[in-house]
Structures are given as C-alpha cells and as structure tokens.
Amino acid sequence: MAEFVDLNALLAHGRVADAALAWRAGRSLDFSWFALTAAAWRDAFAGVAGERVALYFEDSAEFAAALFGAWHAGKQAVLPADVLPDTRHRLRTLVAAVAGDFPVDAALPRLHAGALVNATAPWTMLDPGAIAVHVFTSGSTGAPTLIAKTIAQLYAETRALDAAFAARIGRGCVHASVTHQHLYGLAFRLLWPLAAGRPFAATRLQFPEDLAAALAATPDAVLITSPAQLKRLPEQIDWARARSHLSAVFSSGGPLSETALPLCARVLGRVPIEIYGSSETGAVAWRERRAALDAPWQPLPGLELRIAEQQMELRAPWIAGSDWQRSADRVAARDGGFDLLGRGDRIVKIEEKRVSLQGIEHTLAASGLVAEVRALVLSGERERIGVVVVPSEAGWQRHDREGRRALANALRNLLVGTLETVVLPRHWRFPWALPTNATGKTSEAALSRLFDPRRPHARLLEHGADAATLRIEVAASSPFFDGHFAGAPILPGVTQIDWVIRFARELFALPAEFARIEHLKFHDWIGAGTEITLTLERAGADGIGFRIASAERAHASGRVRFAVAP
Amino acid sequence: MPALEDEIKSLIIEALNLEDLTPADIDTEAPLFGEGLGLDSIDALELGLALQRRYGLSLSADSAETRRHFASVRALADFVAAGRSK
C-alpha cells in the first residue's frame, strides 16, 4: 500500500518510478512520467515574470503536472471554471500567463511545457504557507470573488479525507464526473489520490454511458460525482459490471434528493457518501444515508465546530485563519453532528452552482429597463431561477416595440457574464406590478403563482378605477389546449372565464367568492397563437363585465358576479 | 422525416421545459448546444434520458460518437430513426 505523503513533499520525497499515478485511455501513467512532466512545466513557468498563472485543463493528469510545476516555480495557480470570454477578460488583470486548453487570446500569453532543459534541478519542499490556488466563487453580491488556499490548507484537507474514508474505499481507480477546476473536484479526485498514492482517471466522465463503461473496466473503483449526475442516471444502461466494481461514491454540491437516493442505490448498488462544504471552507462534514434517510452530518476528523442559535462556527487546519469562521448556513445540532436548515442569506444552489438572487436583481436593476425585480427559485424536475420584472418606461417601450421575448433576451444577456450557463434564468414574467398581499408584502408564493402555466402572459394596456384593458397571449403551449383538440387546438370557454376571474381579482377589489355568470355569449372560437384583448368593466360593487376580442372578431362577452362568503 | 423532426422538437421543448418556444422556433439544422438553441450540459443529460425513455434508444455505446448525434434536430432524427426500439 502506498505511503501517504503531504503535497509539499510529494516531489521532493518522490515515489517509486513505476508507481501508478493516473489512467488515461486505458494506459497507466506512472510517477516518473509525472515528475518529468512537472519538471517541464516548472521550467516553463519559471520564465514568467508575474506571480500568478491561470490553469485550465480537460485532462487531469496533465493538469496535476502543470499545477505542481507552477508551485515549484513559485507561482500561484488561478483556476477558472471555464474559458468563456468574460472569464478570460477577468483573468487579464489577475494573471501573467495561462496554460492548458485556452483559446488563442492576444491578452493572455499561453505557455507550453517545452523540451526539458533543467531535468537535473532537484525538487525542493514547497513552502506550506505559500498560496497555492485561487478559485472563483460567487459572493453575496453575485460578483465572482477569488478565494485563496495555501499549500498547507490543501494538504490538511487531503489528510482529513484520508483519515475519514481510506478504510472505507477500495484501492482502484478514482473516477469523476466533476471537474478538478472546482475545489471539491480538486481535493477529491486529484490531490487526495496524489497524496494517498491512489491512481486517478485523467478523463472526466461527463455522461452516464461513459461512467458505466469506465467503471466496468476498473475494479475496486471510487467515483467522485454530484447530485446533477446521480439524479439523472438512466436505468436502461447495463450497470451490472460497473456496480460490481464500485467501492465508493462521493457526492457533493448539494444534498441528494430523497427520490434520487433509491435510484442511486438501484443503479450503482450503493448510496453515496455525501459531502458538505464550500469553496471557502473546503469539505466540512459527511453523511451516508444507508439506514436512515435523515442521518445527521458528521464533522470530518480534525474539524472543530460550535453551534449557537442556528449559527455554526468552524475551525480546522484547512480553513483559512486560526479564528472561528462563521458558516452562511443555518444548522441545528444533533447526535454529535448537525442538520442543515438552509441559508440565512439569499444565496441558492441550482445544480450545484451557487447563485446570488440578490446579485441577479442588482445586475438587472442597473439596466434601465427595470422598475422592480425579484428573482426566485422555481421548483420542478430541474430547479430553475425565475425572474419577475416590472419594466420601466424604457422597458415597456422595448417590450411593445420588439416583443416580450426580445426584452427577456436583452435582460438575460446582461447576466451572461455573471452567471454560469446552467443557471441562466429561462423563465421571465413581466407583470404591471409586483403582487402584494393585504399588508403590502410581496411573498415568494405570490411570485411563484405568476409562473403557473395556467396564467397567460398579459400586458395591461389601461387601468382606471372602474375599467381595465389587457392584451393576452394565447400561447400554443398553454396547458388548456391539451386534448382540446388534437390537431385543431381551441381555447375552452371555461378557460376564458377562468382568465376573466383571475385578472378581475388581480386588478379590482372584489368579494371573495365567485357567485355566477350572467349574459354569457361565446361569439367565435379562439385558436392557438391568437392575441386577444380582454376588457373588464365594473358592474356594481360585486360584478365585472367583460369582452374578449381579437383584431378581427369579437369572441366572448358577459358578466361575472362575486359574493361575500356565506 | 419531417414528422419525426417535429416530434423531436416537441420532445425537446417538453423535456427541457423551454417555455416560449414552439417547434417552429427550432431550426432543424441549427446547433442545439452552445450557440443556436443554447442548451447546456444539464440539458444534455436530460435530453439523453428523455430519448431513452421515449424511443428505447441505447446510448451505451461510445459516448463521443453518441453525443455527435446531439448536434442538431436533423442529426437526432437520423439517430433515432436508426436506433429506436419503440
């Protein structure tokens, strides 16, 4: 069994030349390959004038060599999550050079590991206090902020992981569906295996079919993954061989849902060891929900925690500073561990990506197109961010001139540089005002109701004390067309009445109960894709008269009556 | 194969909850991911699941090859027509 070596001593201490370091395309890369490649990278980085360089690699073995090369050349590695234009723009002021899979960019000189010129230079111990990496995370304002980790912090975390889990997992290859460019992937799929002498896979397994094939080929394997992957495991694939080879699964980035847990157990033959942590703190606690669905989170060895009034404070050799650090999550102590109660601020996690709802609102509010804005999480198969915008005068002009979708696209484009693609909002609502309750508060529930597919998109054209006119989109995707009728969709009359009542209630103070309909006439049918005008007029204290028309025709008219509940 | 292409467009809209889009908005030839329709890595996983459920496709072969078929609706329709088991 390989000896555990702290990262600052890995190259100075060394391992036997043919010790397996990584697997790439079915072939083993050994420790001598790692030392030679790291030396070539060390020489390349030694020629860079600045102290920071950015690394972005698809291949984890090459990345590991470049990372150690950078450290031994005295450089700090900035690890971007992607190489999109906004990210590269941000890197310009942060780094002197880049290495890896970067597109050609005149402002970011790209280094290559050249032919080895200095192979005989001996490896030295790394300074534990030196800054090793910087990773990006979104802070409370939504703007990406950099978090620095020292060499000592990184190796302290790998020590804690090894102490907690080494006895529970096999000695086979460490596979991963998550990237090493984030702290979770960096620690679990790369640094821990390097320190513990476990071989890791150079290629990331992005798709389940890759996963099944890779696990089937490597016995006693370990999988580093996330809920995004685990809750989408297709059962049609033959997992039998993969299942028999898997010795442990780690999942981090958010809790695995109670519906995904049995799926994971069925497909992979085991539930994951879930890891709780953050970019700021690194891994903090773990749980394995094998027997009990509500198993509390257990702190990792070496982590001290104290909990008072739902606030958790942490201290560990891998957490920055010697003082207690307060966690942003609220918790309750239980059985030597804790339960998570949610965050105290408006940071949410969507598909493991941390998103600041406030940050989204700030960005949009600065656009000039927005009078009021609220961002919220919409539940569903895939959690999504929805945005409710009350447009400003300029926003409504854009809306009316170019269309609702054009306004949504313009606003979405403002967020492109600040959010990762998978969390960009796709659901937008443009009401004339934010919904408020009797005390003038805008509740999350009321905002969510704007996304109910039964509520059509509507633009308020006029609104007086006793009358209002709305323009309504009769979208083909409306659920009311389901089965009514296949091939010839017609908007049901009862839906038209539903919309009259819905908008009458939103626009006028009315008695609580619907009482009856009077003088109802349907003049002509309404097809999918039509734009209709709904005119509402007060008819006494308890009634609203209505007319529905489109550019060509009158469609319906009548009066609805409301009553005080008996 | 225009019927199958339309069916796949509807499947994409439904499976990925792309409100505001109709099959007519999706260009049969345009890229689905990145530029074009702008789908992301989570969508790729969801779409793979939906295709396996609906058509009984097997995606267990070489993934790089398989995912090439996700380039456009046209490519997907060819792939489904060749590999469907239901």
Side-chain angles (χ1 to χ4, degrees), chain A residues 82 84 177 179 203 205-214 216 226-239 242 350-353 378 380-384 386 403-406 408-409 412-413 416 420-424 426-429 451 453 457 473 475-478 528-529, chain B residues 3 6-7 9-27 31-71 76 79-80 83-86:
Chain A
D82 57 58
L84 296 173
S177 72
T179 168
T203 310
L205 304 169
Q206 220 173 337
F207 296 109
E209 52 270 36
D210 301 325
L211 197 64
S226 68
Q229 179 77 264
L230 290 178
K231 71 185 189 196
R232 298 185 175 93
L233 292 171
E235 298 193 66
Q236 289 86 343
I237 294 181
D238 180 6
W239 291 95
I350 304 280
E351 300 293 348
E352 291 105 50
K353 311 286 188 239
L378 306 173
E381 288 243 344
R382 173 175 176 178
E383 278 197 330
R384 282 279 189 193
R404 177 175 57 78
R405 283 162 62 178
N409 275 335
R412 185 175 183 273
N413 286 339
V416 163
E420 294 193 51
T421 318
V422 301
V423 294
L424 278 176
R426 286 181 181 168
H427 301 262
W428 299 80
R429 292 295 180 273
F451 293 88
H457 288 284
E473 295 176 35
S477 57
S478 166
Chain B
D6 281 349
E7 195 178 296
K9 289 177 186 178
S10 299
L11 177 79
I12 291 172
I13 291 170
E14 200 181 315
L16 308 183
N17 187 14
L18 303 175
E19 60 170 33
D20 280 355
L21 281 191
T22 64
D25 295 323
I26 302 180
D27 184 342
L32 291 174
F33 295 87
E35 314 273 307
L37 199 53
L39 302 184
D40 58 43
S41 58
I42 303 286
D43 293 320
L45 292 174
E46 297 270 6
L47 187 54
L49 275 181
L51 288 167
Q52 291 177 65
R53 281 191 196 127
R54 175 76 153 266
Y55 298 110
L57 285 179
S58 166
L59 295 187
S60 54
D62 173 24
S63 82
E65 179 64 29
T66 305
R67 300 289 160 174
R68 249 199 295 284
H69 299 299
F70 283 44
L76 264 182
F79 179 57
V80 168
R84 64 192 299 174
S85 66
K86 58 183 172 190

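Quick note on labels: first sequence line is chain A, next is B, and so on, each numbered from 1.
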> Stepwise, does the side chain to side chain contact (heavy atoms under 4.5 Å, CB included) test hold for Asn17(B) with Arg426(A)?
Replying inline: CA-CA 9 Å; Asn17(B) 187 14; Arg426(A) 286 181 181 168; over 6 Å; no
> Who wins among Gln229(A), Arg384(A), Gln236(A) for the most heavy-atom pairs under 4.5 Å with chain B?
Replying inline: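 Top count of heavy-atom pairs under 4.5 Å with chain B: Gln236(A).
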> Which residue out of Glu420(A), Glu351(A), Glu235(A), Gln206(A) racks up the most heavy-atom pairs below 4.5 Å with chain B?
Replying inline: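 Option with the top pair count is Glu351(A).
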> Which heavy atom of Val422(A) sits nearest a heavy atom of Ser41(B), and at what distance?
Replying inline: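 So the minimum-distance heavy-atom pair works out to CG1-OG, 3.6 Å.
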> Can you name the nearest heavy-atom pair linking Pro208(A) to Leu45(B), along with the distance?
Replying inline: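 Between these two residues, the closest heavy atoms are CD-CD2, 3.6 Å.
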> Salt bridge between Asp40(B) and Lys353(A), side-chain N to carboxylate O under 4.0 Å?
Replying inline: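 Judged by the 4.0 Å cut-off on N to carboxylate O distance, Asp40(B) and Lys353(A) do not form a salt bridge.
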>> For Arg429(A), is there an ion pair with Glu19(B) - N to carboxylate O distance below 4.0 angstrom?
In response: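 Salt bridge present between Glu19(B) and Arg429(A).
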> For Ala228(A), is it the side chain, the backbone, both, or neither that has a heavy atom closer than 4.5 Å to a heavy atom of chain B?
Replying inline: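 Contact with chain B involves both backbone and side-chain atoms of Ala228(A).
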>> Given heavy-atom pairs under 4.5 angstrom as the criterion, report whether the side chain, backbone, both or neither of Leu424(A) touches chain B.
In response: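 Neither part.
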> Contact part of Ile13(B) toward chain A, heavy-atom cut-off under 4.5 Å: side chain, backbone, both or neither?
Replying inline: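 It is neither, since no heavy atom gets under 4.5 Å.
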>> Let's go through Leu21(B) and Arg405(A) carefully: what are the C-alpha distance in whole Å and the side-chain angles of both, what is the deciding distance for side chain to side chain contact (heavy atoms under 4.5 Å, CB included) to 0.1 Å, and is it a yes or a no?
In response: CA-CA 10 Å; Leu21(B) 281 191; Arg405(A) 283 162 62 178; 3.7 Å; yes
> Could you walk me through whether Arg382(A) and Glu46(B) pass the salt bridge (Lys or Arg N to Asp or Glu O under 4.0 Å) check?
Replying inline: CA-CA 9 Å; Arg382(A) 173 175 176 178; Glu46(B) 297 270 6; 5.5 Å; no
